[in-house]
K.L.:
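The following block contains the structure, expressed as structure tokens.
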Amino acid sequence: MMQNDLQTASTSRIDAVLARHPGAARDSLIPILQEVQEAQGYLSEDAMKRVGQHLKLPASKVYGVATFYNQFRFSAVGQFHIALCRGTACHVKGSAKVLDALKLALKIEPGQTTKDGMFSLEILACIGACGLAPAMLVNGETYANVTPDSVRAILHDCRKRSAKNA
Amino acid sequence: MSNIEVNGRTIEAQPEDTVLAALRRAGVRIPTLCAMENLLPSGACRLCVVEVEGQRNLVPACAFPVTPGMKIKTHTPRAVKARKTIIELLLADHPDDCLYCARNNNCDLQRLAQEHGVRARRIHGEKIRRPLDASSPSLVRDPDKCVLCGRCVRVCEEVQAVSAIDFVGRGSKTHIGTAFDEGLNVSSCIHCGQCVHVCPTGALTEQSHVEDVIQAIAAGDKHVVVQHAPAVSVTIGEMFGLKSGADVAGVLTAALRRIGFAKVFDTSFAADLTVMEEASELAERLTKGGALPMMTSCSPGWVKFVEQFYPKLIPNLSTCKSPQQMMGAVIKAFYAKQAGIDPHKVFSVSIMPCTAKKFEVSRPEHSRDGVADVDAVLTTRELAQLIKMHGINLKELTPEGADTPFGERSSAGKLFGATGGVMEAALRTAHFLVTGKELDANFKPTAIRGLNGIKEAKVKVGDKELTVAVASGLKNARTVLDQMLSGERHVDFLEVMTCPGGCIAGGGQPLGVPLEAIRERMQALYTIDKEDTLRTAHQNPSIQKLYKDFLGKPLGEKSHHLLHTHYEVRDVA
């Protein structure tokens, strides 16, 4: 798709969300942001401005609220969205080292997306898979007992899969 | 009325009081950082904690309601220790560069550390660093010095209805930022500087032009002239131990000459010029038609506010430049020519009670052929610095008169410094222009004087009765605009000043002054007006001469070119 088409598609997705909340007030901010993220995969600046206009809230306020919550992201998710559990059990079993390995390999911080759009990284609080600690999700698929070595292999595998599909 | 016991002494409290309000009224001082007069408590800093009998934990006095018979202890070892620990924690994440800080010796954090005897670094931790935001032409934000009290956020939202900034992020990553963490220059900030007034530390300061001015004077290849605004001369004395509201225009002029300015002009002269143009514009809109209500345009924060939040009302803004810009234009277009100086060789400085004036001079429509109307703006605070740097004591100087051709003013021009003053000055001249008679006899201006946020009056001008309204503080302005737009309120002429109280309480004025000082500054302006014999712009001989020798007539071609401006719709988040 061309850039313009992408933009139009994104705009109409935001429109659709806002249309479901006619006459909404500031107490609807978080549900609307959640729906926008659901529709768009993340919160774009444009989306936050539009939500602010809809609710008569300054963009600074929308941005302030959105950045307060871990659940919102501000860049599009990558082709492979990696979510690492940093709950207590995973921490005890070494997820901090796994996170370091991911940050080093991808050169991004949690919440960001690699420049080529292939990977995005997110940290989750306990996902309830403590028996598999440290646990990691790639596009929703669970990987158990990950280590710095195993995640490097997983990333390698993702790149290979992506190249094959291209 | 109910009695409460404080430190063993009985004091009276009102039923709606918070503990802090009752303590303050009784003269019991406890430290605060986040508390703001007239706004609801936020309870963010916890410095005001006190012991209340029957409460297990310390309670924040700012957010705790009084109950009859309650027993409070304000300075128990436990309360004092808690406060000291909070200060130590704040300092643990502070740059500690007080000697290099604009707020050295005038900083709440520094004062509190001193008062609580913080003498050792007890708490060590990683200092969180965030980049300095110097993108704005008027203000500088240094997040490293921020203590997250939230006062700037609240004044921006609750007093000015702008909300350019808010808390961003969470936990140790929390900081004050604009929407999307952009520079302040592209935000909805209107440059008013009220945030600087409420900031307890050096996290918010003005963009200083002191060095530019010193360099320009020292270089010697420029003809450096200066103008000073009406609110400045009734304020600057305070910073030199003179009484609040003392008018020191004469000694200020003398001081500026000693510093090395070639000419000292009075912005109140340009205010008279603004009155001539603006009153003519009002008369024309009333008689020939045009967008009504006409709204004043002297206050650059307000102008940007309309451009970004009420673009439909742009046609209602007077096209008149502010006095600062009118003065800048006639200095370079008329004075320079008359004095035989190349306008490129004139360095024009203005001294303003305002940070938004620094933004105003940077607007591209305020220059002609690559020559800016005004080259540098000093706030009242920077002026004090410049005077002190030169070892000058205002108390020791003999008053001197301002320079011709822009030194003579009416007292109407002086009124521009206070909320309602532009309106009063403009009405005097508009009445004369429409009827040929002076206004004074049948108009009592009391209704548009004073510190109220919204004021209204009816004025008979010829056979028309005008409704005039005055607002200061942009939240009040927003109220008036929304009432106008919904049809609830009819206004023919609206004056808005960005800062609550007007320029006398501007963002560039001395920090940490009580409301009483603002009142005294205002009183000083009205005393000047009462005692003056030249009380209207149209009677100012220097104004008449400028029109005769150069401008022609108000709203004429030269005026249009030099004294009027246009506005733009601004798309800001």
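Just so we're on the same page: letters track the sequence lines, and every chain starts at 1.
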K.L.:
Is it the case that more than 12 heavy atoms not belonging to B:N57 sit under 6.0 Å from its CG atom?
P.N.:
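Enclosed.
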K.L.:
Hey, is NE2 on B:H490 packed in by over 12 heavy atoms from elsewhere, all under 6.0 Å?
P.N.:
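Enclosed: over 12 neighbouring heavy atoms sit under 6.0 Å from NE2 of B:H490.
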K.L.:
Which one wins on heavy-atom pair count under 4.5 Å against chain A: B:V572, B:T174, B:D166?
P.N.:
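Greatest number of close heavy-atom pairs with chain A: B:D166.
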K.L.:
How many angstroms lie between atom CD1 of B:I165 and atom NZ of A:K61, to the nearest 0.5 angstrom?
P.N.:
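Nearest 0.5 Å value for the CD1-NZ distance: 10.0 Å.
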K.L.:
Is the number of heavy atoms from other residues, nucleotides or ligands within 6.0 Å of NZ (A:K103) greater than 12?
P.N.:
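Buried by this count: over 12 neighbours within 6.0 Å.
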K.L.:
Kindly check if the number of other-residue, nucleotide or ligand heavy atoms within 6.0 Å of NZ (A:K97) is above 12?
P.N.:
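12 or below, so no.
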K.L.:
Indicate the atoms forming the closest heavy-atom contact of A:S60 with B:A164, along with that distance.
P.N.:
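For A:S60 versus B:A164, the nearest heavy atoms are CB-O, 3.8 Å.
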K.L.:
So with a 6.0 Å cut-off around NE2 of A:H91, is the heavy-atom count from everything else above 12?
P.N.:
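Incorrect, the count does not exceed 12.
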K.L.:
Mind checking the CZ-CG spacing from B:R170 to A:N70? Nearest 0.5 Å is all I need.
P.N.:
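Separation between the atoms: 6.0 Å.
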K.L.:
Tell me, side chain or backbone of B:T178 under 4.5 Å from chain A's heavy atoms, or both, or neither?
P.N.:
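Only the backbone of B:T178 comes within 4.5 Å of chain A.
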K.L.:
Taking all non-hydrogen atoms of both residues, which atom of B:F180 and which atom of A:M48 are closest, and how far apart?
P.N.:
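For B:F180 versus A:M48, the nearest heavy atoms are CE2-CE, 3.5 Å.
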K.L.:
If you count every heavy atom of other residues, nucleotides or ligands that lies below 6.0 Å from A:R26 atom CZ, does the total exceed 12?
P.N.:
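Open: at most 12 neighbouring heavy atoms sit under 6.0 Å from CZ of A:R26.
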K.L.:
Is the shortest heavy-atom distance from the side chain of A:Y63 to the side chain of B:D181 under 4.5 Å?
P.N.:
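Side-chain contact under 4.5 Å: yes.
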K.L.:
Relative to chain B, which segment of A:F74 carries a heavy atom at a distance below 4.5 Å: side chain, backbone, both, or neither?
P.N.:
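For A:F74, no heavy atom lies under 4.5 Å from chain B.
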